[in-house]
Student: 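Below you'll find the structure I mean.
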Amino acid sequence: MYESLTGSLGIAVKEELLELAFTHRSFAYENGGLPTNERLEFLGDSVLGLVITEELYARFPEMDESRLSPIRSGVVNTRALAEIARELKIGTHLRIGKGEEATGGREKNSILADSLEALVGAIYLQYGFTQSAEIILKWFLPAITEASTAGASLDAKTALQEIAAAKNLTAPEYEIGESGPDHDKSFTAIALLSGERFPMGSGKSKREAEQVAAKLAYDLINSRP
């Protein structure tokens with residue numbers, strides 16, 4: 001069932017761990033309260049954060065926390081995780097409820113991102129930190145490499161402020177939304193400049209959502225004549 005996935009990963013992961021990693025709470029509730037992937041997601045989120053933080057810490061010895069944090073948010077966010085999940089075709093393996101199935105749950109960024117984190121948790125449980133880190137860094141190497149050459153533009157909010165000033169636009173403002181229970185909130189942000197609303201960014205913190213929204217707005221403004 002998971003041969004193509006494990007082939008992409010380059011390692012064999014126990015089927016029971018993969019099944020748990022891809023069990024969304026909507027499926028679990030519809031099937032008598034099965035275990036969900038949320039504990040694995042919690043674990044994987046911590047492993048992923050540590051791996052990326054350690055790599056950025058080593059690569060950018062001259063940067064302080066105020067610069068490293070936005071870089072990390074630019075490299076690791078819901079959108080980035082979802083894109084990796086799509087490359088791995090995780091959506092085809094998800095166990096989701098009928099309601100989520102009907103509303104396109106297999107392609108939702110939030111579900112894909114959470115499932116990728118759960119997959120990281122599963123890999124960590126079976127193989128430990130070192131091998132998990134090797135796999136994570138393969139996924140994020142392009143973004144980290146870009147970060148090493150992108151300079152100030154890594155901080156998308158700062159970059160957006162700079163381009164707004166250069167083009168005589170108003171200073172960016174952000175419209176923030178949030179959803180979910182207190183222990184598992186997700187956030188959205190929309191950048192507003194000179195009366196224009198730009199595409200929505202999402203993340204697991206307000207700062208991450210704002211960084212994603214700023215990057216979307218920056219890319220659009222920068223592409224205009």
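Given the structure is predicted, the values throughout are model-derived calculations rather than measurements.
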Student: Go through I221 and L193 one step at a time and tell me if the side chain to side chain contact (heavy atoms under 4.5 Å, CB included) criterion holds.
Tutor: CA-CA 10 Å; I221 293 171; L193 290 87; 4.1 Å; yes

Student: With sequence neighbours excluded, what pairs up with E196 under the salt bridge (charged side-chain N to carboxylate O under 4.0 Å, His left out) test?
Tutor: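 Applying salt bridge (charged side-chain N to carboxylate O under 4.0 Å, His left out) to E196 gives R224.
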
Student: Taking V47 as the starting point, is it possible to reach L20 by hopping between hydrophobic residues whose side chains are less than 4.5 Å apart?
Tutor: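 In one cluster: yes.
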
Student: Quick one: do K204 and D114 make a salt bridge, cutoff under 4.0 Å?
Tutor: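 A salt bridge is present here (some side-chain N lies under 4.0 Å from a carboxylate O).
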
Student: Using only atom types and a distance under 3.5 Å, with no angle test, would you say the side chain of T6 pairs donor to acceptor with the backbone of A12?
Tutor: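 The answer is no, because no donor-acceptor pair under 3.5 Å joins these two groups.
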
Student: Of all the heavy-atom pairs spanning A209 and G203, show the shortest one and how long it is.
Tutor: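 That would be CB-N, 3.9 Å.
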
Student: Is the closest side-chain heavy-atom distance between Y29 and L34 below 4.5 Å?
Tutor: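 Sidechains of L34 and Y29: no contact.
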
Student: Determine whether I123 and I11 make a side-chain contact, defined as any pair of heavy atoms from C-beta on separated by less than 4.5 Å.
Tutor: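 Yes, side chains in contact.
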
Student: Looking at R59 and E55, does any basic side-chain N land under 4.0 Å from a carboxylate oxygen?
Tutor: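 Between E55 and R59 there is a salt bridge, with a charged N closer than 4.0 Å to a carboxylate O.
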
Student: Are any of the side-chain heavy atoms of V120 and V51 separated by less than 4.5 Å?
Tutor: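 Not in contact.
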
Student: Looking at K98 and E30, is there a salt bridge between them, counting it only when a charged N and a carboxylate O are closer than 4.0 Å?
Tutor: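 No, no charged N to carboxylate O under 4.0 Å.
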
Student: Let me confirm one number: the CG-CD1 distance from L169 to I163, rounded to the nearest 0.5 Å.
Tutor: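 The CD1 atom of I163 is 8.5 Å from CG of L169, to the nearest 0.5 Å.
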
Student: If you measure from NZ on K167 to CD on E162, what distance do you get to the nearest 0.5 Å?
Tutor: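 Reported value, rounded in 0.5 Å steps: 13.5 Å.
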
Student: Measure across A217 and A191 and return the closest heavy-atom pair with its distance rounded to 0.1 Å.
Tutor: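 Nearest pair, atom of A217 first, then A191: CB-CB, 3.9 Å.
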
Student: Side chains of N77 and R72: do they bring a donor and an acceptor to under 3.5 Å?
Tutor: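 On atom types as modelled, these side chains do not qualify, holding no pair under 3.5 Å.
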
Student: Between T78 and L112, is any pair of side-chain heavy atoms under 4.5 Å apart?
Tutor: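 T78 vs L112: side chains apart.
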
Student: Which distance, rounded to the nearest 0.5 Å, do you find between the CD of E101 and the CZ of F27?
Tutor: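 Output value for this atom pair is 10.5 Å.
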
Student: Test of understanding: clusters of I, L, V, M, F, W, Y form through side-chain heavy atoms closer than 4.5 Å, transitively. Do L48 and L17 belong to the same one?
Tutor: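 L48 and L17: one cluster.
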
Student: Listed by chain and number, what are the salt bridge (charged side-chain N to carboxylate O under 4.0 Å, His left out) partners of E54, not counting sequence neighbours?
Tutor: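 Once residues adjacent in sequence are excluded, E54 has no partner under the salt bridge (charged side-chain N to carboxylate O under 4.0 Å, His left out) criterion.
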
Student: For the OG atom of S194 and the CD atom of E173, what is their distance to the nearest 0.5 Å?
Tutor: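 Nearest 0.5 Å value for the OG-CD distance: 10.0 Å.
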
Student: Check the pair Y124 / L40 against side chain to side chain contact (heavy atoms under 4.5 Å, CB included), numbers first and verdict last.
Tutor: CA-CA 9 Å; Y124 174 77; L40 277 181; over 6 Å; no

Student: Among pairs that include at least one residue of residues 87-97, which meet side-chain hydrogen bond (donor to acceptor under 3.5 Å, both in side chains), considering only residues two or more places apart or in two chains?
Tutor: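 Found T23-R95.
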
Student: Under a 4.0 Å N-O cut-off, is there an ion pair linking E107 with R86?
Tutor: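 Salt bridge: yes.
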
Student: Decide whether I136 and L141 are clustered together by the hydrophobic rule: side chain heavy atoms of Ile, Leu, Val, Met, Phe, Trp, Tyr closer than 4.5 Å, transitively.
Tutor: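 No, because I136 and L141 fall into different hydrophobic clusters, even though each may have its own neighbours under 4.5 Å.
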
Student: For E210, give me all partners under salt bridge (charged side-chain N to carboxylate O under 4.0 Å, His left out), at least two apart in sequence or on another chain.
Tutor: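 So E210 forms a salt bridge (charged side-chain N to carboxylate O under 4.0 Å, His left out) with K157.
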
Student: Any side-chain heavy atom of L216 within less than 4.5 Å of one from F198?
Tutor: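 Of all side-chain heavy-atom pairs linking F198 with L216, none is under 4.5 Å.
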
Student: Which residues pass the side chain to side chain donor-acceptor pair (under 3.5 Å) test with N222, not counting sequence neighbours?
Tutor: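 Expected list: none.
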
Student: Given S26, which partner from the list L94, I111, I96 fulfils the side-chain contact (heavy atoms from CB on, under 4.5 Å) test?
Tutor: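 Of the listed residues L94, I111, I96, the side-chain contact (heavy atoms from CB on, under 4.5 Å) partner of S26 is I96.
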
Student: Would you please test I90 and I84 for side chain to side chain contact (heavy atoms under 4.5 Å, CB included) and show each step?
Tutor: CA-CA 9 Å; I90 282 177; I84 293 169; over 6 Å; no

Student: Less than 4.5 Å apart, any side-chain heavy atom of L81 and any of F140?
Tutor: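 The answer is yes, as the side chains (C-beta and beyond) meet within the 4.5 Å cut-off.
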
Student: Hey, what do you get for CD (E117) to CD (E41), rounding to the nearest 0.5 Å?
Tutor: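 Answer for the CD-CD pair, E117 versus E41, is 5.5 Å.
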
Student: Could you give me the CA-CA distance, side-chain angles and deciding distance for S186 and S179, then say whether side chain to side chain contact (heavy atoms under 4.5 Å, CB included) is met?
Tutor: CA-CA 6 Å; S186 58; S179 61; 3.0 Å; yes

Student: Same cluster or not: are L137 and L68 linked, directly or through other Ile, Leu, Val, Met, Phe, Trp or Tyr residues, by side-chain heavy atoms under 4.5 angstrom apart?
Tutor: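 They do share one cluster, since a chain of ILVMFWY contacts under 4.5 Å joins L137 to L68.
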
Student: Output the rest of the hydrophobic cluster of M200: all Ile, Leu, Val, Met, Phe, Trp and Tyr residues reachable through side-chain heavy-atom contacts under 4.5 Å, sorted by chain and number.
Tutor: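 Direct or chained contacts put M200 with I190, L192.
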
Student: When rounded to the nearest 0.5 angstrom, what distance separates OG in S8 from OH in Y2?
Tutor: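 Those atoms lie 14.5 Å apart.
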
Student: Hey, does the side chain of E3 reach the backbone of M1 with a donor-acceptor pair shorter than 3.5 angstrom?
Tutor: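 Such a contact is found between E3 side chain and M1 backbone.
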
Student: So, do F22 and N37 sit near enough that their side-chain heavy atoms are less than 4.5 Å apart?
Tutor: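 No - every pair of side-chain heavy atoms lies 4.5 Å or more apart.
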
Student: If you count every heavy atom of other residues, nucleotides or ligands that lies below 6.0 Å from R106 atom CZ, does the total exceed 12?
Tutor: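 For R106, atom CZ is crowded (more than 12 foreign heavy atoms under 6.0 Å).
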
Student: Examine distances only and state if a side-chain atom of Q126 and a backbone atom of K14 form a donor-acceptor pair shorter than 3.5 Å.
Tutor: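 Between the backbone of K14 and the side chain of Q126 there is a qualifying donor-acceptor contact (under 3.5 Å).
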
Student: Compare every heavy atom of A213 with every heavy atom of A189, then report the nearest pair and how far apart it is.
Tutor: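 Residues A189 and A213, closest heavy atoms: O-CB, 3.3 Å.
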
Student: Counting heavy atoms not belonging to K108, are there more than 12 under 6.0 Å from its NZ?
Tutor: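 Enclosed.
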
Student: Using the rule that Ile, Leu, Val, Met, Phe, Trp and Tyr join whenever any side-chain heavy atoms are under 4.5 Å apart, tell me whether F129 and Y57 fall into a single cluster.
Tutor: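 No, separate clusters.
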
Student: Under 4.5 Å between any side-chain heavy atoms of L116 and W139, yes or no?
Tutor: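 When only atoms from C-beta onward are counted, W139 and L116 do touch, with a gap below 4.5 Å.
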
Student: Using a 3.5 Å distance criterion without hydrogens, assess whether the side chain of S202 forms a donor-acceptor pair with backbone atoms of F187.
Tutor: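 Between the backbone of F187 and the side chain of S202 there is no qualifying donor-acceptor contact (under 3.5 Å).
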
